[in-house]
Amino acid sequence: MTSVGIESLFAVVGAGVLALLFYDVLLTVFHPRRHGGPVHRRQNRALWHLFRWASGYLPEPLNQRMLSLGGPLIAVPSVASWGLWLVLVFAFVCFPYRSDLSSSRIEELGWSDVLYFSGYVVSTLGVGDVVPSSPGLRLLTVVAAMSGFALFAVATAYLLAVYQHVAREQVLAVELATLLEYSRGTEDGDRVGFESPEVAAWAQTASRRFFEIAQAHGQYPVLHYFRPVDHERALVVQVGRMLRLPMLRRMHGWPGYQLTQAVRRYVRGLESGCLPMADRSQPAGLASDSWARLGIAHGRLLRYMRYGDG
């Protein structure tokens with residue numbers, strides 16, 4: 001293949017990767033129920049596996065603290081990688097047409113100069129010492145700058161939404177932990193506490209919040225990896241304590257039914273979005289909505305998140 005053909009291939013590859021980037025951002029940020037784009041989802045899971053592997057070499061409680069940093073340290077690089085993608089993509093697209101770029105200090109532009117040009121254009125820093133001279137490349141520069149600005153706004157909104165849902169999930173976990181402690185102190189074990197009118201009213205509100213959190217985990221897959229060290233703030237741990245209570249299966253009326261269905265939806269959502277496919281197989285003979293299956297899925301979630309038995 002000639003040098004001209006190879007350089008044209010740069011532009012084709014760049015355009016293809018740009019389409020993949022937009023598709024990944026679309027599914028991650030704007031689609032309500034896809035567990036993220038194909039690259040974003042795999043990238044998050046790979047980073048979490050790296051944290052799990054590295055934490056295995058640390059003693060307690062350092063390994064727990066390291067795992068608690070997983071969510072923030074996965075969220076920021078996964079969003080920052082979009083910007084890196086965009087810089088590389090426009091560098092690939094511009095490289096074959098570098099002769100249409102002019103500079104007052106460089107006679108012949110190379111790959112590093114084109115990458116520099118793409119970087120400051122995408123980051124919306126303005127025009128530097130390398131400027132486009134042809135109409136087509138000027139138009140591409142405008143597109144690159146608008147794409148960089150839009151991506152920055154989308155990434156900021158995405159991270160703000162993620163942290164809002166993290167806070168809501170941890171608040172619900174603390175409420176559930178408090179309720180479980182209260183129910184232990186009742187005369188008749190957990191049954192009286194959960195069947196009181198006050199708790200029934202709470203169950204109705206909590207059900208809606210469980211549904212919202214399950215939806216958020218489908219829309220913002222990085223939420224799976226926010227793992228508090230304090231078990232009281234870990235909703236997946238408190239749900240496990242709740243699932244072990246026989247009363248949950250005996251709750252009557254709409255609030256009880258709604259709460260049990262919301263908990264099912266939450267566990268199933270984490271199972272499908274968080275667990276690798278190889279870890280989702282179930283023993284034969286278990287119905288998809290059985291409590292045994294739910295308990296098995298929840299146990300696998302705890303182990304995957306390195307919570308042990310909760």
Side-chain angles (χ1 to χ4, degrees), residues 24 26-38 40-49 52 70-71 74-75 78 158-159 161-177 203-228 231 233-244 248-249 256-282 286-307 310:
D24 195 67
L26 174 68
L27 293 189
T28 301
V29 180
F30 298 104
H31 198 288
R33 193 71 185 173
R34 283 300 296 270
H35 296 289
H40 187 80
R41 181 173 63 249
R42 289 170 175 80
Q43 178 180 267
N44 291 350
R45 186 169 291 167
L47 289 172
W48 174 249
H49 286 171
R52 293 177 77 234
I74 289 173
S78 63
Y158 178 78
L159 288 177
V162 165
Y163 277 93
Q164 286 178 354
H165 287 294
V166 168
R168 292 170 185 169
E169 185 169 340
Q170 292 190 10
V171 168
L172 180 57
V174 172
E175 287 185 15
L176 186 55
Q204 194 163 8
T205 303
S207 301
R208 183 176 65 253
R209 292 162 68 188
F210 265 112
F211 283 128
E212 290 173 353
I213 290 170
Q215 174 69 23
H217 273 270
Q219 187 169 3
Y220 307 106
V222 74
L223 282 173
H224 305 330
Y225 309 105
F226 279 82
R227 181 195 180 282
H231 286 198
R233 295 182 178 275
L235 185 58
V236 68
V237 174
Q238 298 307 320
V239 165
R241 294 177 59 196
M242 189 178 179
L243 288 175
R244 289 195 287 267
L248 187 62
R249 311 175 198 184
Y257 175 79
Q258 189 180 27
L259 181 60
T260 55
Q261 294 304 310
V263 171
R264 287 180 191 272
R265 183 69 61 88
Y266 169 75
V267 174
R268 288 175 183 168
L270 261 67
E271 179 189 20
S272 61
C274 183
L275 287 181
M277 187 66 67
D279 294 340
R280 299 182 203 169
S281 59
Q282 300 294 338
L286 291 182
S288 61
D289 60 345
S290 68
W291 283 101
R293 182 193 183 284
L294 201 64
I296 291 171
H298 182 267
R300 288 172 174 168
L301 283 169
L302 288 180
R303 289 190 295 272
Y304 186 69
M305 301 305 295
R306 291 290 174 89
Y307 275 121

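Residue numbers start at 1 and run along the sequence shown.
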Check [X] against [Y] and note the closest heavy-atom contact, atom names and distance.
{"X": "Leu223", "Y": "Val162", "value": "CD2-O, 3.5 Å"}
{"X": "Leu301", "Y": "Val267", "value": "CD1-O, 3.9 Å"}
{"X": "Pro228", "Y": "Arg233", "value": "CG-O, 3.6 Å"}

* Asked: Is the Lys NZ or Arg CZ of Arg227 less than 6.0 Å from the centre of Tyr307's six-membered ring, within 45° of the axis?
  -> yes
For a 4.5 angstrom cut-off between non-hydrogen side-chain atoms, does [X] reach [Y]?
{"X": "Arg45", "Y": "His49", "answer": "yes"}
{"X": "Arg209", "Y": "Val171", "answer": "yes"}
{"X": "Leu259", "Y": "Met242", "answer": "yes"}
{"X": "Ser272", "Y": "Arg268", "answer": "no"}
{"X": "His165", "Y": "Ile213", "answer": "no"}
{"X": "Phe210", "Y": "Gln261", "answer": "no"}

* Which residues satisfy the side chain to side chain contact (heavy atoms under 4.5 Å, CB included) test with Leu47, sequence neighbours excluded? -> Gln43, Ile74
* To do: List in chain and number order the residues that pass side chain to side chain contact (heavy atoms under 4.5 Å, CB included) with Leu159, two or more places apart in sequence or in another chain; answer none if no residue qualifies.
  => Ala75, Val79
* To do: Measure the acute angle between the ring planes of Tyr266 and His217, then classify it against the limits of 30° and 60° as parallel, tilted or perpendicular.
  => perpendicular
* Asked: Donor-acceptor pair, Arg52 side chain versus Trp48 backbone, under 3.5 Å?
  -> no
* **Contacts of type ring-ring contact (aromatic ring centres under 6.0 Å, His included), residue Phe211, not counting sequence neighbours** => none
